[in-house]
Amino acid sequence: QVQLLESGGGLVQAGGSLRLSCAASGRTFSTYAMGWFRQAPGKEREFVAAISWSGSTTYLADSVKGRFTISRDNAKNTVYLQMNSLKPEDTAVYYCARGRGTYGLGSSADVGHWGQGTQVTVSS
C-alpha cells in the first residue's frame, strides 16, 4: 500500500515562502512521476507542478511559474514544493500525487495515489 504524507503547510503572509514535503512509502518511489495539486474552497482540484522519475523534467502551472519550484530526492523518497512570493490566491489544500508512470502527471486522471493534503493559507 502506497502512502504519501505531506508536511510543511501553514499560515504565511503574502510575499512569504513555504516548502512542502511529501514522504512516500515503498521501494518504487524513484520509478514514478510525482506532483502537487491544490484545491481551494468551492473550486475544482487543479494541477500545480510535476516532476519526472529522475527529476530531469519538471512541469509548472502557468499561475505558479517563476514562483514555485518542484524537486525530489529519490534517496529519501521525498518530493518537495518550494513556494516563494506567495499570494492570497495560492490559499488551498495542497495534495501530493504519484503518477501512473515515469512521466505525464498533468491532470487528476494521471494520478495513481493521493496524499491526505496539507493546508496552505496566505494572508493579505
Side-chain angles (χ1 to χ4, degrees):
Q1 181 72 15
V2 175
Q3 291 187 324
L4 304 175
L5 184 61
E6 300 102 331
S7 61
L11 174 63
V12 64
Q13 289 188 332
S17 298
L18 284 173
R19 188 176 83 152
L20 304 183
S21 299
C22 172
S25 64
R27 300 180 180 180
T28 60
F29 175 82
S30 63
T31 64
Y32 289 94
M34 297 293 296
W36 293 91
F37 290 71
R38 67 186 181 187
Q39 187 167 20
K43 295 187 176 182
E44 292 186 355
R45 193 170 298 188
E46 64 175 3
F47 169 79
V48 176
I51 188 166
S52 63
W53 68 277
S54 66
S56 62
T57 305
T58 61
Y59 310 87
L60 293 168
D62 288 343
S63 59
V64 305
K65 282 181 181 176
R67 301 187 298 123
F68 290 12
T69 304
I70 186 170
S71 62
R72 66 189 295 162
D73 185 338
N74 286 344
K76 296 182 178 180
N77 278 17
T78 302
V79 61
Y80 305 97
L81 185 67
Q82 178 67 44
M83 305 185 295
N84 299 328
S85 303
L86 283 161
K87 304 175 181 180
E89 52 263 43
D90 294 317
T91 295
V93 176
Y94 283 70
Y95 296 90
C96 178
R98 195 187 84 169
R100 300 182 187 276
T102 56
Y103 290 88
L105 184 53
S107 72
S108 295
D110 300 322
V111 177
H113 294 277
W114 292 101
Q116 84 288 351
T118 185
Q119 177 70 46
V120 171
T121 302
V122 184
S123 63
S124 57

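The first residue in the sequence is number 1, and the count goes up from there. The figures here come from the full heavy-atom set of this structure, side chains too, leaving out hydrogens, waters and symmetry mates.
Taking CE of M34 as the start and CG of L105 as the end, the distance is 8.0 Å to the nearest 0.5 Å. The distance from the CZ atom of R72 to the OG atom of S21 is 13.5 Å, given to the nearest 0.5 Å. Considering CG of L5 and CG of N77, their distance stands at 12.5 Å, rounded to 0.5 Å. From L20, atom CG reaches atom OG1 of T78 across 12.5 Å, with rounding to the nearest 0.5 Å.
Residues satisfying the side chain to side chain donor-acceptor pair (under 3.5 Å) test with T121, not counting sequence neighbours, are Q119. Take Q3 and apply the side chain to side chain contact (heavy atoms under 4.5 Å, CB included) test, not counting sequence neighbours, and it matches S25. A search for side chain to side chain donor-acceptor pair (under 3.5 Å) contacts involving S17 returns N84, not counting sequence neighbours. Annotation: side chain to side chain contact (heavy atoms under 4.5 Å, CB included) contacts of T102 (sequence neighbours excluded): W53.
Among residue pairs with one or both ends in residues 18-47, those qualifying as ring-ring contact (aromatic ring centres under 6.0 Å, His included) are F37-F47, F37-W114; sequence neighbours excluded. Among residue pairs with one or both ends in residues 60-90, none qualify as disulfide (SG to SG under 2.5 Å); sequence neighbours excluded.
Contact check for R100 versus V111: no side-chain heavy atoms found under the 4.5 Å cut-off. Side-chain contact between F68 and L86: present, with at least one pair of heavy atoms (C-beta onward) separated by less than 4.5 Å.
Side-chain N/O atoms of Q39 and E46 include no donor and acceptor closer than 3.5 Å.
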Just list the side-chain donor-acceptor pairs under 3.5 Å for residues 91-98, sequence neighbours left out, or say none.
unit_1: T91; atom_1: OG1; unit_2: P88; atom_2: O; d: 2.9
unit_1: T91; atom_1: OG1; unit_2: V122; atom_2: N; d: 2.9
unit_1: T91; atom_1: OG1; unit_2: V122; atom_2: O; d: 3.4
unit_1: Y94; atom_1: OH; unit_2: R38; atom_2: NH1; d: 2.9
unit_1: Y94; atom_1: OH; unit_2: D90; atom_2: O; d: 2.6

Please set out all donor-acceptor pairs under 3.5 angstrom arising from side-chain atoms of residues 56-63, sequence neighbours excluded.
unit_1: S56; atom_1: OG; unit_2: S54; atom_2: OG; d: 2.9
unit_1: D62; atom_1: OD1; unit_2: K65; atom_2: NZ; d: 3.1

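The closest donor-acceptor contact from the side chain of Q82 to the backbone of R19 lies at 3.5 Å or more, if one exists at all.
Remark: of the listed residues I51, I70, T69, D73, D73 is the sole one forming a side chain to side chain contact (heavy atoms under 4.5 Å, CB included) with Y80.
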